[in-house]
*Asks:* 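This structure is in structure tokens; I'll ask about it shortly.
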Amino acid sequence: MKRTWFIFKVIFILLVVTLAMLPIILSSHPWPVASRDYLYENALSDTGAVNTVSSIYLGYRAMDTLGETLVLLVSITGTMGILMNLSRKNEGEEALSLSLAPEKRPTNAQRTHLLEVVASKLGPVVLLFGFYVMLYGHISPGGGFQGGVIVASAIVFLALGTETQSKLTNTTVLGRIEALSFFVLIIVATSGVFFERGFFGNPIKSGSSLSVNFIILLNIIIGLKVGTSIAVMCIAMMGGRHGH
């Protein structure tokens, strides 16, 4: 019965998607090219970003980026609330840890060695790559969101690969960085108002050589916000505490 119901739902979803896409596929109306041509010709001069995608989501449609950041903030807040409620209900149970307890290590030596050594070696490399993607998103594929996710992965690797307490894997420190990043994002977003550039306007756009710096700054702020928030959620879901 369950299998039949599952097949029915899959067929229904495919049918709805097909009916939604059919008018687009059969339409003879030409694809709109005005916006594409404008961005191709003016994105670099307007924002200073060689990567047109960065010029769109941090320039022309920066308000959408702020909305996406708020969605991530609400999602993380809701997830952390659920995890906190679960932890209160399970206060009497043994607390989980990202590392094996000392008494369990002799019988799990191989598993512990492989996990912690590989994760601890990959962590710094992935972290460096994440900051590279974050900092060079204006001239190559990447940006704050992509780099932030990679940074979060690196923090999770470090949390899995180290026994000792580290500020980089401390959920309290990460939470403060996340809050500070969001606060700075709001300040930067409103800074253009005082220079008559508008909300999310580039306050230093008058100098063409400095125009791209605004995109880089936004990528850094968003990357820190995304990376720390996802890292906090992942560490909490793995049972980590403030110091593992």
Side-chain angles (χ1 to χ4, degrees), residues 57-58 62-101 111-112 115-116 118-135 137 142-189 218-244:
Y57 86 91
L58 292 177
M63 289 293 293
D64 291 350
T65 302
L66 178 61
E68 293 168 3
T69 307
L70 289 172
V71 168
L72 178 62
L73 176 63
V74 173
S75 302
I76 299 297
T77 303
T79 303
M80 295 301 296
I82 294 173
L83 293 175
M84 290 177 63
N85 289 332
L86 290 175
S87 64
R88 292 194 188 101
K89 294 178 180 179
N90 301 327
E91 284 182 353
E93 299 181 6
E94 182 182 358
L96 296 175
S97 175
L98 301 181
S99 302
L100 287 177
R111 178 262 183 189
T112 304
L115 176 63
E116 296 184 357
V118 173
S120 62
K121 302 303 181 186
L122 281 178
V125 178
V126 176
L127 185 65
L128 181 62
F129 179 65
F131 280 108
Y132 169 80
V133 172
M134 189 189 307
L135 291 171
F145 285 101
Q146 298 88 335
V149 173
I150 297 174
V151 167
S153 302
I155 295 175
V156 172
F157 278 138
L158 293 174
L160 288 171
T162 56
E163 298 179 59
T164 58
Q165 180 176 349
S166 171
K167 290 185 178 180
L168 193 58
T169 57
N170 189 310
T171 54
T172 301
V173 175
L174 293 174
R176 291 173 180 172
I177 295 175
E178 177 194 7
L180 180 61
S181 300
F182 186 74
F183 179 69
V184 174
L185 178 63
I186 298 300
I187 293 178
V188 171
L218 289 177
N219 270 329
I220 294 173
I221 297 172
I222 293 173
L224 291 175
K225 172 71 177 65
V226 172
T228 52
S229 60
I230 295 179
V232 167
M233 183 182 66
C234 291
I235 293 175
M237 293 179 70
M238 291 188 297
R241 303 303 182 203
H242 294 315
H244 285 351

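The figures that follow rest on heavy atoms only: side chains count, while hydrogens, waters and symmetry mates do not. Keep in mind that this is a model prediction, so the values were computed, not measured.
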*Asks:* Nearest 0.5 Å, please: how far is CG in Leu70 from OG1 in Thr65?
*Replies:* 11.0 Å
*Asks:* Should the heavy atoms of other residues, nucleotides or ligands under 6.0 Å from CZ of Phe145 be counted, would the total exceed 12?
*Replies:* yes
*Asks:* Tell me the closest heavy-atom pair linking Ala119 and Leu160, and the distance in Å.
*Replies:* CB-CB, 4.2 Å
*Asks:* How would you list, by chain and number, every residue that makes a ring pair (Phe, Tyr, Trp, His ring centres under 6.0 Å) with Tyr132, sequence neighbours excluded?
*Replies:* Tyr136
*Asks:* Can you tell if the side chain of Leu66 reaches within under 4.5 Å of the side chain of Ile186, non-hydrogen atoms only?
*Replies:* yes
*Asks:* Report the distance from atom CG of Leu72 to atom OG1 of Thr77, rounding to the nearest 0.5 Å.
*Replies:* 9.0 Å
*Asks:* What's the shortest heavy-atom distance between Ala154 and Leu127, and which atoms?
*Replies:* CB-N, 3.3 Å
*Asks:* When rounded to the nearest 0.5 angstrom, what is the spacing between CE in Met80 and CE in Met237?
*Replies:* 10.0 Å
*Asks:* Taking all heavy atoms of Ser120 and all of Pro124, pick out the closest pair and write down the distance.
*Replies:* O-CD, 3.0 Å
*Asks:* Which donor-acceptor pairs under 3.5 Å do side chains of residues 218-235 form with protein atoms, sequence neighbours excluded?
*Replies:*
residue, atom, partner, partner atom, Å
Asn219, OD1, Tyr57, OH, 2.8
Asn219, OD1, Gly144, N, 2.8
Lys225, NZ, Glu178, OE2, 3.2
Thr228, OG1, Leu224, O, 2.6
Thr228, OG1, Lys225, O, 3.3
Ser229, OG, Lys225, O, 2.8
Ser229, OG, Val226, O, 3.0

